[in-house]
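Structure, as structure tokens:
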Protein chains: 2
Amino acid sequence: MMLDERKIKILAAVINDYIATAEPIGSRTIARKYRIGISPATIRNEMADLEELGYLSQPHTSAGRVPSHKGYRFYVDFLMPVKRLDERDHTLIHRIFNRRINELEQLVKEAARVISKLTSYTTITMGPQLETSRLKHIHVNRIDENRGLLLTVTNYGTVGHHIIDIPQNINDSDLLRISNILNSNLAGKTLSEITNDIMDAIKDEMIEYDEILNILLEILLENLGDSQDNTPVISTGSSKMLDYPEFQDVEKAKNFFSLLEQHELIIKALKSSSKPNAITVTIGNENPLTELQDLSIVTSSIFIDGKDLGVFGIMGPTRMEYSRVISILEQVTDYLIKTVSTML
Amino acid sequence: MMLDERKIKILAAVINDYIATAEPIGSRTIARKYRIGISPATIRNEMADLEELGYLSQPHTSAGRVPSHKGYRFYVDFLMPVKRLDERDHTLIHRIFNRRINELEQLVKEAARVISKLTSYTTITMGPQLETSRLKHIHVNRIDENRGLLLTVTNYGTVGHHIIDIPQNINDSDLLRISNILNSNLAGKTLSEITNDIMDAIKDEMIEYDEILNILLEILLENLGDSQDNTPVISTGSSKMLDYPEFQDVEKAKNFFSLLEQHELIIKALKSSSKPNAITVTIGNENPLTELQDLSIVTSSIFIDGKDLGVFGIMGPTRMEYSRVISILEQVTDYLIKTVSTML
DNA sequence: ATTTAGCACTCTAAGAACGAGAGTGCTAAA
DNA sequence: TTTAGCACTCTCGTTCTTAGAGTGCTAAAT
């Protein structure tokens with residue numbers, strides 16, 4: 001059976017109301033609030049149909065209806081009202097992107113913060129993937145007699161710094177030479193291309209600097225691999241999450257927070273949910289990871305010039321303000337792409 | 001009335017038991033568990049005295065006793081058993097400080113993580129105070145035709161980096177000159193000493209570089225002021241905090257998390273609690289900030305050569321494993337001071 | 001053929017009543 | 001001074017009850 005117009009209207013009404021109130025919606029409520037011109041009894045019949053079709057369900061026999069995951073899916077695909085952001089939302093987003101921020105990481109962090117603030121859900125951010133991130137610049141600076149600063153900059157503008165010990169026998173022109181050699185050998189490579197082989201080649205080239213090169217290369221290998229870009233940044237207004245009726249039960253809340261602490265799981269979830277250059281919505285049991293099946297995830301992946309700069313994700317109860325979340329994510333993504341484009 | 005030995009024994013028993021179980025402790029329990037050789041009735045009398053003296057209180061007339069803030073204070077000052085850390089704790093701490101970490105910030109972050117892990121309470125960290133932090137090294141590196149990297153290193157080893165635009169007319173030797181000038185003018189100054197006056201002096205010295213200097217100085221002023229060192233880092237195993245019976249009520253948990261989100265308040269709390277070079281315990285209403293009066297805070301401030309490198313704080317319910325927390329904090333502080341001393 | 005009014009039925013959530021259990025304070029005996 | 005005994009208090013979990021919301025079905029109305 002296809003959904004006729006009236007069923008669709010009723011479904012939309014139920015879902016909109018449920019998203020707003022978190023209470024099961026009964027036929028009376030709909031008849032009263034949305035003047036469709038039919039009686040509760042008729043609505044009841046329609047709702048029974050909708051339930052049979054899998055769009056709604058009942059918490060128990062004599063309660064109103066709540067949307068099923070399938071219902072939410074239909075809603076997101078076809079029914080969702082386009083939510084225009086209001087003045088306050090816009091200005092807040094604006095303010096962030098108007099500050100001159102030159103570093104991708106900082107920018108992303110700020111963006112996550114504003115999203116979390118605007119949506120009151122948990123925001124997760126993942127930086128550019130290792131595979132696509134290229135080393136752009138390497139340099140060793142001296143900061144005092146026996147200490148130096150190893151700098152790495154990727155093509156995404158991510159800066160890494162590490163304080164290192166500089167052996168006695170290395171002077172400033174040595175450092176310059178080393179920086180140059182590292183640059184010419186490593187710049188342009190993706191992080192995963194920097195293997196022990198290349199490292200060994202460099203060492204062969206400059207046996208006189210063996211000691212310091214060992215230090216440098218060790219740090220490079222160790223830190224580029226699991227740099228911060230790869231770990232998710234999580235901005236959770238924990239206290240705000242506890243406002244949702246879904247988390248009134250401490251046990252449920254604890255589950256949620258524990259999930260957030262399992263970074264590998266979160267990474268997997270974001271990766272599997274997100275699609276290049278698009279906003280995706282993963283609802284409840286659509287998620288392959290069983291632990292996340294009563295949550296929904298909305299992601300937006302930031303693509304510029306075909307390069308994956310990372311993913312924003314929002315996690316919350318399946319009863320989520322999808323339309324608002326999506327608008328905000330669209331908006332922020334837009335700004336971000338504009339801003340970053342000028343940076344690269 | 002002074003506390004005689006028997007009263008003290010009973011007080012210790014009540015507090016130890018209450019810390020372990022979070023249940024009000026009755027006279028029977030004590031008679032059974034701690035064989036003091038007196039009957040429950042006698043214990044009851046003593047407990048009534050202890051209550052009158054303000055060391056214990058009753059949640060309601062027919063319940064057991066729980067420690068009052070005054071009771072905890074006495075416990076911390078005189079009764080607390082010295083808790084030796086066990087093997088597992090030691091090895092965990094060891095592992096962290098054995099990794100070669102060259103940067104203060106990273107080190108502190110790791111230390112906070114391990115404390116939070118070992119204690120299951122919320123750990124807060126505050127970096128060195130602005131007033132004492134001195135600029136050690138400034139440098140501008142070029143990373144491509146029109147982009148550069150402004151680096152700042154403080155005497156604590158905190159590294160700051162900022163990507164900047166480099167005007168067309170500036171070449172590499174200009175950059176070097178600029179770096180040198182900045183260094184000679186600013187190195188050694190505390191961050192708060194770097195005022196507009198000094199900046200103007202520098203600009204006067206090098207009018208030909210006006211454009212880029214403006215950019216650099218603006219960033220310096222803007223970012224050194226409210227650098228990360230000044231904001232508290234909070235490691236909260238949120239999910240673990242939710243295990244404590246004190247936070248079983250969602251409302252209470254929400255309060256706690258909201259508090260953590262008010263950074264200014266947290267900063268104030270840590271500042272007013274901590275004492276140079278010492279471990280402090282602030283129990284419940286001893287805290288001047290009313291919002292924190294049913295929590296306890298244990299702090300340890302890291303002092304080296306008379307310089308304040310920052311503060312660790314642990315926040316949790318007043319029913320806290322004080323002796324364990326203090327041992328862990330002592331231990332970590334020790335290691336940290338040793339490690340950092342070699343760094344400076 | 002739909003729609004709707006009417007009604008019996010179901011289930012929950014909130015409150016009332018109740019008893020068990022833990023603990024107390026007091027009294028009087030040891 | 002200590003302790004046994006006992007009456008008393010308060011909480012907490014259980015059971016019972018009831019009001020209310022909502023349903024599904026039937027039969028009448030459109």
Side-chain angles (χ1 to χ4, degrees), chain A residues 1-11 13-15 17-18 20-53 55-68 71 245-246 248-250, chain B residues 1-11 13-15 17-18 20-53 55-68 71 245-246 248-250:
Chain A
M1 188 200 314
M2 261 306 288
L3 297 190
D4 58 39
E5 195 169 338
R6 198 169 67 183
K7 280 197 179 53
I8 289 179
K9 251 190 198 145
I10 292 174
L11 181 57
V14 171
I15 299 186
D17 240 51
Y18 185 69
T21 65
E23 302 280 324
I25 313 298
S27 53
R28 259 183 72 88
T29 316
I30 290 186
R32 224 184 312 114
K33 268 201 190 165
Y34 305 78
R35 322 217 102 283
I36 317 186
I38 47 180
S39 74
T42 315
I43 294 176
R44 272 202 292 284
N45 287 329
E46 297 286 40
M47 297 211 308
D49 289 350
L50 284 167
E51 177 162 7
E52 202 167 339
L53 292 167
Y55 294 100
L56 297 177
S57 71
Q58 270 180 307
H60 54 87
T61 49
S62 73
R65 301 308 206 290
V66 303
S68 68
E246 279 82 354
Q248 280 319 81
D249 180 4
V250 182
Chain B
M1 188 202 308
M2 261 308 287
L3 297 189
D4 58 39
E5 196 170 337
R6 197 171 66 185
K7 280 196 177 56
I8 289 179
K9 250 189 198 145
I10 292 175
L11 181 58
V14 171
I15 299 185
D17 239 52
Y18 184 68
T21 64
E23 303 280 324
I25 312 299
S27 52
R28 260 184 70 90
T29 317
I30 291 187
R32 224 185 311 113
K33 267 201 190 165
Y34 305 79
R35 322 217 100 284
I36 317 186
I38 48 180
S39 75
T42 315
I43 294 177
R44 272 203 290 285
N45 287 328
E46 297 286 39
M47 295 211 309
D49 289 349
L50 283 168
E51 177 163 7
E52 201 166 341
L53 292 168
Y55 294 100
L56 296 178
S57 71
Q58 270 179 307
H60 55 85
T61 49
S62 74
R65 300 308 206 289
V66 304
S68 67
E246 279 83 352
Q248 281 318 81
D249 180 4
V250 183

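When reading the values below, keep in mind they use all heavy atoms of this one structure, side chains included, and skip hydrogens, waters and symmetry mates.
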Exercise for review: With a 4.0 angstrom cut-off to heavy atoms of chain B, pull out the first and last contacting nucleotide of DNA chain D, in 5'-to-3' order.
Suggested key: D:dT2 to D:dT11

**Study point:** A:Asp17 backbone acceptor or donor facing A:Thr21 side chain under 3.5 Å
**Key:** yes

Practice item. Please name the pair of heavy atoms, one in A:Tyr18 and one in A:Ile25, separated by the smallest distance, quoted to 0.1 Å. Key: N-CD1, 3.8 Å

**Study point:** A:Ala63 backbone acceptor or donor facing A:Gln58 side chain under 3.5 Å
**Key:** yes

Revision key, fill the gap. In DNA chain C, consecutive runs of at least three Watson-Crick or G-U pairs below 3.5 Å, as range with range, amount to C:1-30 with D:1-30

Check your understanding: Rounded to the nearest Å, what distance is computed from the CZ atom of residue A:Arg28 to the C1' atom of nucleotide C:dT4?
Key -> 15 Å

**Study point:** Heavy-atom closest contact (B:Val14 atom, B:Arg65 atom, distance)
**Key:** CG1-O, 4.0 Å

Check your understanding: With sequence neighbours left out, what residues match B:Ser68 under side chain to side chain contact (heavy atoms under 4.5 Å, CB included)?
Key -> B:Lys70

Practice item. Could you tell me whether B:Thr42 contacts a base, only the sugar-phosphate backbone, or nothing, with contacts defined as non-hydrogen atoms closer than 4.0 Å? Key: base

Review point. Is there a side-chain contact between A:Leu50 and A:Leu3 (heavy atoms, below 4.5 Å)?
Key: yes

**Study point:** Minimum-distance pair of heavy atoms, taken over all atoms of B:Pro59 and B:Val66
**Key:** CG-CG1, 4.1 Å

Practice item. Tell me which of B:Pro59 and B:Ala41 sits closer to the 5' end of DNA chain D, going by the nucleotide each one is nearest to. Key: B:Ala41

What does the list of N/O pairs under 3.5 Å between the protein and nucleotides 17-22 of chain C look like, with a distance for each?
none

Point to revise | Residue pair A:Met47 / A:Ile30, side-chain heavy-atom distance below 4.5 Å | key: yes

Practice item. Apply side chain to side chain donor-acceptor pair (under 3.5 Å) to A:Arg28 and list each qualifying residue two or more places apart in sequence or on a separate chain. Key: none

Which donor-acceptor pairs under 3.5 Å do the side chains of residues 38-46 of chain B make with protein atoms, sequence neighbours left out?
residue, atom, partner, partner atom, Å
B:Ser39, OG, B:Ala41, N, 3.4
B:Ser39, OG, B:Thr42, N, 3.4
B:Ser39, OG, B:Thr42, OG1, 3.2
B:Arg44, NH1, B:Ser27, OG, 3.1
B:Glu46, OE1, B:Lys7, NZ, 3.0
B:Glu46, OE2, B:Arg6, NE, 2.7
B:Glu46, OE2, B:Arg6, NH2, 2.8

